[in-house]
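Please read the structure below before turning to the comments.
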Amino acid sequence: MSSSLREGPAPEGRFDVAIIGAGVVGCAVARELTRRGAGCVLVEAGPDVGAGTSKANTAIHHTGFDAKPGTVESQLVTRGFRLLDEYAARVGIPVAKLGALMVAWTPEQREALAGIREAAEENGYRETRPVDLEELYAREPNLGPGAEAAIEIPGEGIVCPFTTTLAFATQAVRGGCELVLSAPVTGVRRVGGGHELDTARGPVRAEYLVNAAGLRSDEIDAMLGHRDFRVTPRRGELIVFDKLAGGLVNHVLLPVPTEKTKGVLVSPTVYGNVLLGPTADDIEDKTDRSTTAGGLGALMGAGERIVPLLIRQEVTATYVGLRAATQHRDYQLNAHPGQRYVCAGGIRSTGITGSMGIAEWVRDALADAGLELSEPADEPELRMPNIGEFGTRPYQDAEMIGRDPDYGRIVCFCERVTRGEIDAALRSPIPPADADGLRRRTRALMGRCQGFFCGAEIAAALEGDSDGD
Ligand SMILES: Cc1cc2nc3c(=O)[nH]c(=O)nc-3n(C[C@H](O)[C@H](O)[C@H](O)COP(=O)(O)OP(=O)(O)OC[C@H]3O[C@@H](n4cnc5c(N)ncnc54)[C@H](O)[C@@H]3O)c2cc1C
């Protein structure tokens with residue numbers, strides 16, 4: 001395992017662009033700039049890519065039908081949706097286009113559906129259609145009684161957020177981008193027209209700077225002298241139900257949104273579980289990822305109405321994601337060409353889908369500020385390991401097992417993860433830092449026993465004991 005990613009002094013020299021934050025946005029930006037010939041350095045506070053909000057969300061691949069028309073978010077989610085659709089198919093990111101059904105449970109919500117369809121049209125999405133109650137209950141037999149009306153949004157889907165971020169980062173690194181992990185940026189200075197970053201691993205120098213620091217994007221912005229927005233984390237609690245609940249739901253079941261939130265949904269995941277959530281509570285502490293009895297109770301109440309059988313199923317996990325909400329109802333994309341600085345902060349609720357659109361916006365803003373970029377080069381071929389249930393997993397793949405019998409040796413029985421996948425993750429260009437990182441790359445430890453059975457072998461593999469016992 002390469003340790004220079006996480007240890008030792010940061011690379012010397014002066015890069016074209018430094019990107020702060022290796023969430024889905026920073027990684028998408030790093031990939032986009034690298035393939036256009038920019039010398040990039042991606043600086044991340046934590047020991048892994050994608051370990052902030054990008055790992056803890058609802059993982060819906062949004063068409064953008066319900067964005068606020070006229071916003072930058074609407075434009076970039078629509079664009080990002082198409083780009084990610086194509087990219088996911090090319091590199092093997094698990095996705096499934098299940099379609100969504102937005103269900104109204106009250107007369108007021110029923111009335112609101114027409115406006116939602118109009119807004120979708122304004123956003124350029126013309127495929128919504130009303131679904132009558134007979135069809136609704138035929139397509140979702142386990143839906144709770146009392147639905148008033150519904151519309152279908154056929155393009156909505158689900159995606160693996162872990163693989164998305166890792167694919168962008170892997171392609172950036174393979175294209176020459178330096179990834180500097182475990183290096184929180186604590187200060188930024190203007191030096192010779194460019195920037196010098198103070199990091200825990202020493203200084204990093206670059207001509208141009210991109211702020212993709214998520215929940216802390218306002219703090220980085222302040223280091224550059226700006227006070228355009230303030231991030232107030234909006235906590236979203238979620239419940240993951242066991243795979244045995246998988247057959248209860250066929251589509252993404254959306255509520256009718258309110259001014260403040262998209263509301264609580266029920267959806268299959270690409271891993272075969274069912275997800276219920278998220279809540280939406282504004283909090284002050286950017287590090288508070290604790291679930292609350294009140295939040296989980298409210299989710300169970302909402303879930304009981306939507307799919308009553310669901311809440312009798314086993315819960316595999318609960319988790320919290322913090323949205324980088326600000327006082328504004330839009331992404332905080334701000335270019336400061338005179339400072340050679342672009343801010344891509346406050347990417348609240350749609351950043352997995354919007355990431356590739358945001359990366360294009362940042363690219364163009366940097367080009368306008370004077371960064372020289374070339375036409376995109378052919379990227380190194382990339383095929384991500386499939387950790388989704390909508391494609392063939394390695395334990396099912398006779399050809400893979402024929403090439404390497406370790407792909408037939410299951411280590412994590414709950415999630416059917418093989419020794420071959422674990423070893424491949426440990427040898428990959430961005431290996432996991434810990435068990436949580438291995439979980440995001442392989443799904444080991446993610447199942448109903450939560451590592452009770454395979455924990456020791458996984459720990460040994462992470463320690464570098466190749467026999468694993
Ligand atoms: C509950 C919930 C549900 C959601 N559902 C969906 C959905 O269904 N579909 C969808 O598309 N999106 C969804 N989102 C939104 C999506 O998850 C986010 O928009 C996206 O992950 C934001 O990515 P990011 O890269 O901006 O931030 P992050 O992933 O938080 O990355 C920022 C990175 O910056 C690093 N950083 C911070 N400060 C510093 C520093 N000083 N120095 C160096 N590094 C630093 C952090 O460690 C972090 O890794 C949801 C979000 C939540 C919370």
Between Thr128 and Arg117, do the side chains contain a donor N or O and an acceptor N or O under 3.5 Å apart?
yes

Spatial distance of atom CD (Glu156) from atom OG1 (Thr63) [nearest 0.5 Å]:
4.0 Å

Does this structure show an ion pair linking Lys55 with Asp48, if we count only N-O contacts that are shorter than 4.0 Å?
no

Under the side-chain contact (heavy atoms from CB on, under 4.5 Å) test, residues paired with Ser290 that sit two or more places apart
Arg235, Asp288

Does atom CZ (Arg79) have a neighbourhood of more than 12 heavy atoms from anything else shown, all under 6.0 Å?
no

Kindly determine whether Thr232 and Asp282 satisfy side chain to side chain donor-acceptor pair (under 3.5 Å), including the steps that lead there.
CA-CA 7 Å; Thr232 307; Asp282 291 337; over 6 Å; no

Considering only NZ, NE, NH1 and NH2 on the basic side and carboxylate oxygens on the acidic side, decide whether Arg230 and Glu284 come within less than 4.0 Å.
yes

Any salt bridge linking Glu32 with Arg36? Criterion: basic side-chain nitrogen under 4.0 Å from a carboxylate oxygen.
yes

With sequence neighbours left out, which residue pairs that include part of residues 320-329 fulfil the side-chain hydrogen bond (donor to acceptor under 3.5 Å, both in side chains) condition?
Glu259-Arg329

Within the 4.5 Å heavy-atom criterion, are Lys262 and Leu254 side-chain neighbours or not?
no

Between Arg439 and Glu415, is there a salt bridge with N-O shorter than 4.0 Å?
no

Would you mind checking if Glu73 and Lys68 are paired as a salt bridge, meaning a charged N to carboxylate O distance below 4.0 Å?
no

Could you check whether the rings of Tyr125 and Phe65 sit parallel, tilted or perpendicular, using 30° and 60° as the cut-offs?
tilted

Considering residues, nucleotides and ligands other than Arg82, do more than 12 of their heavy atoms fall under 6.0 Å from its CZ?
no

Which residues satisfy the salt bridge (Lys or Arg N to Asp or Glu O under 4.0 Å) test with Arg110, sequence neighbours excluded?
Glu148

